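Have a look at this one.
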Amino acid sequence: MVEHCVIVRGPSGSGGRRVCIDGETLGTAYSLHDLTVFLRYVGLVGGDELDVAESDLIEWHGGGPEVWPRKGGGPDCWTEPGELAPSSGELAPSAGETGGREAGHTGL
């Protein structure tokens, strides 16, 4: 079996994390769910989000699988899922709540 190098880059100001496989950008994930969908699409995982979070296949930069800043960046973007967002008083979405709606997919 061929080993692949999967890198999840650190969070950007857009609220996403760039996902690269073997040096090629696959897309931008905005949640662990998005990342799981990307990796399923290219056939690298068959499991769920927990399997992806615990995978030795992924090299995490700028934070692990629990770090998904809210879109827009800035000082309030680091709300962890389930915490109150400082500026809005609303709960931050959990990893599966975005449903991939905002994922930037390059179409590999």
Side-chain angles (χ1 to χ4, degrees):
M1 178 178 272
V2 176
E3 288 289 319
H4 293 279
C5 179
V6 178
I7 297 175
V8 178
R9 302 283 182 199
S12 69
S14 72
R17 299 179 73 172
R18 194 165 29 122
V19 179
C20 301
I21 298 178
D22 299 330
E24 298 289 325
T25 299
L26 180 62
T28 300
Y30 291 89
S31 67
L32 188 57
H33 173 78
D34 292 345
L35 177 60
T36 302
V37 170
F38 287 164
L39 297 179
R40 280 186 193 145
Y41 181 78
V42 297
L44 293 180
V45 297
D48 61 14
E49 293 171 19
L50 183 59
D51 295 324
V52 171
E54 296 176 345
S55 175
D56 292 333
L57 177 72
I58 301 169
E59 183 177 318
W60 298 91
H61 293 203
E66 71 286 352
V67 177
W68 299 96
R70 291 191 334 266
K71 193 167 185 165
D76 294 339
C77 75
W78 292 104
T79 303
E80 294 291 328
E83 284 185 41
L84 287 178
S87 61
S88 68
E90 296 178 8
L91 286 177
S94 65
E97 288 180 12
T98 61
R101 290 185 301 270
E102 297 178 72
H105 179 52
T106 61
L108 283 179

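As the structure is a prediction and not an experimental result, all values here were calculated from the model.
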Exercise. Consider only side-chain heavy atoms of I, L, V, M, F, W and Y, link residues closer than 4.5 Å, and tell whether Val45 and Leu50 are in one cluster.
Key: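 Looking at the clustering, Leu50 is in a separate group from Val45.
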Practice problem: Could you tell me whether a side-chain N or O of Ser55 sits under 3.5 Å from a main-chain N or O of Asp51, the two making a donor and an acceptor? | Solution: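 Not confirmed, Ser55 side chain does not pair with Asp51 backbone.
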Quiz prompt | Stepwise side-chain contact (heavy atoms from CB on, under 4.5 Å) check, Leu39 with Ile21 | solution = CA-CA 9 Å; Leu39 297 179; Ile21 298 178; 3.9 Å; yes
Quiz item: Is Leu57 reachable from Val8 through a run of hydrophobic residues whose side-chain heavy atoms are each under 4.5 Å from the next?
Solution: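 Yes, Val8 connects to Leu57 through the hydrophobic network.
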Quiz prompt | Within-4.5 Å side-chain heavy-atom neighbours: Arg9 and Cys20 | solution =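 Answer yes - side chains close enough.
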Self-check item: Distance (rounded to the nearest 0.5 Å) between Arg40 CZ and Asp48 CG
Solution: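 Interatomic distance, Arg40 CZ to Asp48 CG, rounded to 0.5 Å: 7.0 Å.
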Self-check item: Closest approach of Tyr30 to Trp68 (non-hydrogen atoms, all atoms of both residues)
Solution: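 Result for this residue pair: C-CE3, 3.6 Å.
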Self-check item: Separation of Glu24 CD from His4 NE2 (nearest 0.5 Å)
Solution: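 If we round to the nearest 0.5 Å, His4:NE2 and Glu24:CD are 12.5 Å apart.
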Self-check item: Minimal non-hydrogen separation, Pro11 against Gly62, with atom names
Solution: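 What the structure gives for the nearest pair is CD-O, 3.4 Å.
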Exercise. Answer with yes or no whether the hydrophobic clustering places Val37 together with Leu26; edges join I, L, V, M, F, W, Y residues whose side-chain heavy atoms lie under 4.5 Å apart.
Key: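 Per the 4.5 Å side-chain linkage, Val37 and Leu26 are not co-clustered.
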Quiz item: Out of Leu44, Val6, Thr36, which residue meets the side-chain contact (heavy atoms from CB on, under 4.5 Å) rule with Val52?
Solution: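 The passing option is Thr36.
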Quiz item: When rounded to the nearest 0.5 angstrom, what distance separates OG in Ser12 from CZ in Arg18?
Solution: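 If I round to the nearest 0.5 Å, the distance is 9.0 Å.
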Quiz prompt | Heavy-atom closest contact (Leu32 atom, Trp60 atom, distance) | solution =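 Looking at all heavy atoms of both residues, the shortest contact is CD1-CH2, 4.2 Å.
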Quiz item: Does a side-chain heavy-atom distance below 4.5 Å link Arg17 with Val67?
Solution: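 The answer is yes; the side chains approach within 4.5 Å.
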Quiz item: Got Leu35 and Ile58 here, is their nearest side-chain heavy-atom distance under 4.5 Å?
Solution: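 Yes, side chains in contact.
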